[in-house]
Amino acid sequence: MGGVAEVKGGLPVRRVIMLGAPGSGKGTQALHLAESLAVPAISTGEMLREAVAAGSELGARVEGVMAAGALVADDLMGEVVASRLERDDVRAGFILDGYPRTTGQAETLDGILARAGVKIERVLLLEVPEAELIRRALGRGRADDREEVIRERLRVYREKTEPLISFYRERGLLATVDGYQPVATVTAALIAALGAD
Ligand code: AMP
């Protein structure tokens, strides 16, 4: 998989957004892609869960919102992501998992990246049937994985996050991959999608 950095006419494609419903496997795939591309996977959900576990001020602010399956406010997420993207380890690229989740966040992200003189190079959408999404999420056993919360997160995804699909398709950045396949097959398809112009 060392050839990934060579795709797209010799230019590396390493500023990537993973898009997909809760349970689509984007967290798992973000980690695989990050390893292949030698860039960090940045999961905002994971960052927030760590903040809650650490009992930080951020954690206290987001805990109830997360438990309800709702979205943390765009402004607060913008601060979290801006400070993460200031770190040195993202210079060569990053895989964003769970951000942006609203068109407002996508615009904020554009601004953050523009200040650094870079852009998103590809948006990978994982498609998985709804019944499978619920089955997977129920199997994860996370605090926000009770069935009613899962259904709420799916509803929020459809309402707030799905508009990002056309947002990025219109910019020519979207690649769609069937996420209802074995993990390694999906990873291979994602890597191929990073090479497809
Ligand atoms: P995830 O691990 O991506 O499923 O995120 C878990 C929870 O963290 C979500 O249900 C939201 O409550 C919160 N969260 C994570 N990322 C974001 C984001 N970009 N915007 C708003 N809330 C977020």
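Atoms within a ligand are numbered from 1 in the order they appear, just like the ligands themselves.
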* Which residue pairs pass the salt bridge (charged side-chain N to carboxylate O under 4.0 Å, His left out) test with at least one member in residues 164-173, sequence neighbours excluded? -> none
* Return the set of residues passing side chain to side chain donor-acceptor pair (under 3.5 Å) with R84 (not counting sequence neighbours), or none when no residue passes. => D89
* Is there a side-chain contact between R153 and M66, using heavy atoms and a 4.5 Å cut-off? -> no
* Asked: Can you tell if the side chain of I191 reaches within under 4.5 Å of the side chain of L33, non-hydrogen atoms only?
  -> yes
* Asked: Hydrophobic clusters join Ile, Leu, Val, Met, Phe, Trp and Tyr when side-chain heavy atoms are under 4.5 Å apart, directly or via other members; which others share one with L154?
  -> V128, L133, I134, L138, I150
* Can you find a heavy atom in the side chain of L19 that is under 4.5 Å from one in the side chain of L164? -> yes
Return a table of N or O atom pairs, ligand 1 on one side and protein on the other, at distances under 3.5 Å, rounded to 0.1 Å.
{"from": "ligand 1", "atom 1": "2 (O)", "to": "R49", "atom 2": "NH1", "distance (Å)": "2.9"}
{"from": "ligand 1", "atom 1": "2 (O)", "to": "R49", "atom 2": "NH2", "distance (Å)": "3.1"}
{"from": "ligand 1", "atom 1": "3 (O)", "to": "R101", "atom 2": "NH1", "distance (Å)": "3.0"}
{"from": "ligand 1", "atom 1": "3 (O)", "to": "R101", "atom 2": "NH2", "distance (Å)": "3.1"}
{"from": "ligand 1", "atom 1": "4 (O)", "to": "R101", "atom 2": "NH2", "distance (Å)": "3.2"}
{"from": "ligand 1", "atom 1": "4 (O)", "to": "R142", "atom 2": "NH2", "distance (Å)": "3.4"}
{"from": "ligand 1", "atom 1": "5 (O)", "to": "R101", "atom 2": "NH2", "distance (Å)": "3.4"}
{"from": "ligand 1", "atom 1": "12 (O)", "to": "A70", "atom 2": "O", "distance (Å)": "2.6"}
{"from": "ligand 1", "atom 1": "16 (N)", "to": "T44", "atom 2": "OG1", "distance (Å)": "2.8"}
{"from": "ligand 1", "atom 1": "16 (N)", "to": "G98", "atom 2": "O", "distance (Å)": "3.4"}
{"from": "ligand 1", "atom 1": "16 (N)", "to": "R101", "atom 2": "NH1", "distance (Å)": "3.0"}
{"from": "ligand 1", "atom 1": "19 (N)", "to": "G98", "atom 2": "O", "distance (Å)": "2.8"}
{"from": "ligand 1", "atom 1": "19 (N)", "to": "Q105", "atom 2": "OE1", "distance (Å)": "3.0"}
{"from": "ligand 1", "atom 1": "20 (N)", "to": "Q105", "atom 2": "NE2", "distance (Å)": "2.9"}
{"from": "ligand 1", "atom 1": "22 (N)", "to": "V72", "atom 2": "N", "distance (Å)": "3.1"}

